[in-house]
Amino acid sequence: MKRTHHCNELRSEHIGQTVTLTGWVHSKRDLGGVNFIDIRDREGRTQTVFDPQDVPQAICDVAAGLHSESVIEVTGKVRQRPAGTNNDKIPTGQVEVLATELTVLNQAAVLPFVIDDPEVAAKVNEEMRLKYRYLDLRRPEMLRNMRLRSKVAIATRSYMDEQGFLEIETPTLFKSTPEGAREFLVPNRREPGTFYALPQSPQQFKQILMVAGVEKYFQLARCYRDEDLRADRQPEFTQVDIEMSFIEREDIYALIEGLLKRVWKAALDMDIPTPFKRLTFEEALNRFGIDKPDTRFGFELVDMTEDFKGSSFKVFSGAVASGGVVKAMNAKGLACVTQGQMETMTDYAKSFGAKGLAYIKVESGEWKSPIVKFFSDAEKEALKTKLQIEEGDLILFAADQWLTACEILGKIRLYIAEVLQKTGKLTIDPKRFDFLWVVDFPLLSFDKEQNRWYSSHHPFTSPVAEDIPKLVSEPKAVRGQHYDIVVNGVELGGGSIRIHQPDVQKTVFEQVLQIPPEETQSRFGYMLEAFKYGAPPHGGIALGFDRMIATLCGTPSIRDVIAFPKTAKGTDLMTDAPSVATARQLKDLRLEVKAAPPKDQS
RNA sequence: GGGGGCGUAGCUCAAUUGGUUAGAGCGCUGCCCUGUCACGGCAGAGGUUACGGGUUCGAGCCCCGCCGCUCCCGCCA
């Protein structure tokens, strides 16, 4: 190509030069005689002029017939724009290119949707944007996201390299380990009836790399999980996967704080303060009702258990009597909620397992509530003091087992913040990033349905050393050496110090998680084996790369930061994947499909 | 697996309580226009109201089903 400059390059100092630009027809203004065409490439845009007084009519005619988004090559002389016609909106607005030659490299058909007007384009249905992803990605907003993603990937690599880490790739055709997330299976043609699985993460390989003496590993790893999707979940996604040997939790905190500092600087030119705050799991739940608190606004939860344990309001005292708690939250200034909004909130709370949502509205100096008549003066006084109740407040309650009560109010807290933001009563600075570590998670959680303990994080998480004796006798009390990194209520990542002693690992698998020994052997035998031959103490972390980019870009959906994302049902609207396999393919794999073929949709 | 929202012209949206020929802006086509940059002006084309049933004298609107997109719960060690 003869391109001499990109479309965001020409300035006054180029006046007089003959240049060639290539790019897309961004917009066209045909004034009957003179014709202006803004040519755009990924860097920006430049105005070109087709004036019949200066160029042959034939060229002007071709220019006049161009559709938006056609690809052209324009050669001409850079000149100062006539006085009063500068365009301050674009950096090249001082000059224009007087075209002398025009080549149409690709005449574009009429577009399915406009992409030159950012406001209109931003409203286009996502279905349309996904089907014509190549058009959507041409929008400057999307291009910016892709650029930022690239910058962050490179900053990550350079930081990790400086810290002495090796970037090592691990297989994506892996062994099926049917625990945790559902896996994508890949049939093995060489031995029909056997399957690979796509890894949910490189967890086991990175630990093996530690046994292999790598000491410091990282990878921008693609991970696959066949679970239902959300705005922040895709069936395939990218993790910044990290593992180190001979370290403790503090080493990981310092490493990641340094990495995020570098990333925020590279992406947003922001200096984020370190070290980050730390919250225990218990404190996070107690104050915010969630293990990934958004600390950019108040409405913290308050414990009222002691004050209501003897209450004549049986819903509260009953909950305490059966080992539960009473939690309250002051939604400052929200007494104005309508009955309808209150019902919506109650339904919302019920969807998380609440039996109801008790409340007090403080209006005209009065406590308006169906339950306040059951409260003693002492109870009212306790509420007033602990919750700092004032005129116009709305108090919400949850009385249940500790975790449930906290989580219900935690969800309501987020819901309220969202409502207040929409109505403009709460403003959060978009440039504010509240980082924090959540630590001291319980190693195990109990599954009531299956009547057994399962790993809160994963079965390789090391218990806090002094808790190891309690593994079998008192599983509930064992703390894990697990940590999560959280920003603005988004779980950016999590990790742990791992178990490196085969006997402890075996105890966890067989005695705590009660996986039968033969199953342990077939699924994790190679790890237990590897740990026999000199496994260093090690630990690591994985950061959700897509979520991190989405946070940096200020978008709630990771689809906006993935070039070719899938829909909520896991389909690719551009290529129409997944699709049926041919009879020949199935025969090779010795697979028979029993499901009815999908219905054609119109 | 469950719940909510949406689906009307190429795009974004209207369409009173179920009532005449389903409208607007942008885009598109044609004509006019020599300094625009969201250029402007005139004219025009464009609809199986996602799809399939039903109720009704009459359905974009009500009911049932179905497909797609989306948000949430479950799920995501």
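Just so we're on the same page: letters track the sequence lines, and every chain starts at 1. Predicted model only: the values in this text are computed from it and were never measured.
- Taking atom NE2 on His26(A) and atom C1' on U36(B), their separation rounds to 14 Å, with Å as the unit.
- Note: Trp437(A) and Tyr483(A) have perpendicular aromatic rings, judged against thresholds of 30 and 60 degrees for the angle between ring planes.
- A gap of 27 Å separates the C1' atoms of C67(B) and C76(B), to the nearest Å.
- Taking only side-chain atoms of Gln53(A), from C-beta outward, the nucleotide of C11(B), U34(B), G35(B) with the closest atom is U34(B).
- Within 4.0 Å (heavy atoms only), Pro459(A) reaches at least one base atom of the nucleic acid.
- Between the P atom of C73(B) and the CD1 atom of Ile408(A) lies a distance of 14 Å, rounded to the nearest Å.
- The shortest side-chain heavy-atom distance between Met527(A) and Phe460(A) falls under the 4.5 Å cut-off.
- Mapped onto RNA chain B by nearest heavy atom, Ala181(A) and Pro52(A) fall at different nucleotides, with Pro52(A) at the one closer to the 5' end.
- At a cut-off of 3.5 angstrom, the base of G74(B) holds at least one donor-acceptor pair with the side chain of Asp228(A).
- Remark: C1' of C75(B) and OH of Tyr224(A) are 21 Å apart, rounded to the nearest angstrom.
- Looking only at side-chain heavy atoms (C-beta outward), Leu443(A) and Ser456(A) stay at 4.5 Å or farther from each other.
- Taking only distance into account, the side chain of Gln47(A) meets the base of U36(B) through a donor-acceptor pair shorter than 3.5 Å.
- With U36(B), C71(B), C69(B) as the candidates, the nucleotide lying closest to the side chain of Phe36(A) is U36(B).
- In this structure, a donor-acceptor pair under 3.5 Å is absent between the side chains of Asp241(A) and Gln219(A).
- Contact annotation: Lys569(A) side-chain N/O to G68(B) OP1/OP2 distance is under 4.0 Å.
- Counting non-hydrogen atoms under 4.0 angstrom, Glu96(A) reaches a base of the nucleic acid.
- One finds a salt bridge joining Asp232(A) and Arg547(A) here, because a Lys/Arg side-chain nitrogen approaches an Asp/Glu carboxylate oxygen to under 4.0 Å.
- When each of His500(A), Glu243(A), Arg498(A), His538(A) is checked for a side-chain hydrogen bond (donor to acceptor under 3.5 Å, both in side chains) with Gln207(A), only His538(A) meets the rule.
- Looking only at atom types and distance, the side chain of Arg29(A) has a donor-acceptor partner in the side chain of Gln47(A) under 3.5 Å away.
- For Lys411(A), the listed nucleotide lying nearest its side chain is C73(B); candidates were U12(B), C73(B), U34(B).
- Between Glu141(A) and Asn145(A), the side chains place no donor N or O within less than 3.5 Å of an acceptor N or O (distance only, hydrogens not considered).
- Residue Asp88(A) is classed as having no contact, given no heavy-atom separation below 4.0 Å to the nucleic acid.
- Spacing of P atoms, U21(B) relative to U16(B), comes out at 16 Å, to the nearest Å.
- Using N1 to N3 plus N6-O4 or O6-N4 for Watson-Crick, or N1-O2 and O6-N3 for G-U wobble, each under 3.5 Å, C13(B) pairs with G23(B).
- In the displayed structure, Arg11(A) atom CZ is contacted under 6.0 Å by more than 12 heavy atoms of other residues, nucleotides or ligands.
- Judged by centroid separation below 5.5 Å and plane tilt below 30°, Phe113(A) does not stack onto the base of C11(B).
- Residue contacts for Ser456(A): at a heavy-atom cut-off of 4.0 Å it reaches the sugar-phosphate backbone alone, with no base atom in range.
- For the C1' atoms, the distance from A9(B) to C28(B) is 11 Å, rounded to whole Å.
- OP1 or OP2 of C69(B) lies within a sub-4.0 Å distance of a side-chain N or O belonging to Thr571(A).
- A45(B) and C6(B): their C1' atoms are spaced 29 Å apart (whole Å).
- Nucleotides C69(B) and G30(B) have their C1' atoms positioned 37 Å apart, rounded to a whole Å.
- Counting atom types as modelled, Arg79(A) pairs a side-chain N or O with a base atom of G35(B) as donor and acceptor under 3.5 Å.
- When each of Asp136(A), Leu135(A), Ile115(A) is checked for a side-chain contact (heavy atoms from CB on, under 4.5 Å) with Arg129(A), only Asp136(A) meets the rule.
- Distance CD (Gln239(A)) to P (C76(B)): 16 Å, rounded to an integer number of Å.
- Here C76(B) is the nucleotide among C37(B), C76(B), U12(B) with the atom lying nearest to any side-chain atom of Arg233(A).
- In this structure, Ala121(A) reaches neither bases nor backbone, as no heavy-atom distance under 4.0 Å exists between it and the strands shown.
- Considering only side-chain atoms of Thr85(A), the nucleotide from C76(B), C37(B), A38(B) that sits closest is C37(B).
- A salt bridge is absent between Arg138(A) and Asp41(A); no separation between the charged side-chain nitrogens and carboxylate oxygens falls under 4.0 Å.
- No close placement of the Phe237(A) and Phe545(A) rings is indicated, their centers lying 6.0 Å or farther apart.
- Searching all strands for a Watson-Crick or G-U wobble partner of G65(B) with both distances below 3.5 Å returns C51(B).
- With both ends at atom P, the span from U17(B) to U12(B) equals 26 Å, rounded to whole Å.
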Please list, for nucleotides 39-43 of chain B, all pairs of protein and nucleotide N/O atoms separated by less than 3.5 Å.
unit_1 : atom_1 : unit_2   : atom_2 : d
C39(B) : N4     : Asp30(A) : O      : 2.4

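- We find that CD1 of Ile290(A) is positioned 14 Å from C1' of C73(B), with the value rounded to whole Å.
- Residue Arg559(A) places at least one side-chain N or O under 4.0 Å from the OP1 or OP2 atom of C71(B).
- Nucleotides C66(B) and U29(B), compared at atom P, are 42 Å apart to the nearest Å.
- In this structure, Leu130(A) places its CG atom 7 Å from P of U70(B), rounding to the nearest Å.
- Arg129(A) contributes no side-chain N or O that forms a donor-acceptor pair with the base of C69(B) under 3.5 Å.
- Close to C73(B), at under 4.0 Å from its OP1 or OP2, lies a side-chain N or O of Arg230(A).
- Looking only at side-chain heavy atoms (C-beta outward), Arg139(A) and Met142(A) come within less than 4.5 Å of each other.
- Remark: the separation of the C1' atoms in U56(B) and U70(B) is 33 Å, to the nearest Å.
- Both Arg225(A) and Asp38(A) lie near RNA chain B, and the one whose nearest nucleotide falls closer to the 5' end is Asp38(A).
- Residue pairs meeting the salt bridge (charged side-chain N to carboxylate O under 4.0 Å, His left out) criterion with at least one member in residues 82-98 of chain A, sequence neighbours excluded: Arg79(A)-Glu96(A).
- The base of G68(B) does not come close enough to the side chain of Glu126(A) for any donor and acceptor atom to sit less than 3.5 Å apart.
- Here U36(B) presents its C1' atom at 14 Å from CZ of Phe50(A), a figure rounded to the nearest Å.
- When heavy atoms are screened at a 4.0 angstrom cut-off, Arg182(A) is found touching no nucleic acid atom at all.
- Counting any heavy atom pair closer than 4.0 Å across all strands shown, Ile90(A) reaches no nucleic acid atom.
- Here the P atom of nucleotide C75(B) and the CG atom of Leu229(A) are 16 Å apart, to the nearest Å.
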Check nucleotides 25-30 of chain B for protein N or O atoms closer than 3.5 Å to its own N or O atoms and list the pairs.
unit_1 : atom_1 : unit_2   : atom_2 : d
U29(B) : OP1    : His67(A) : NE2    : 2.8

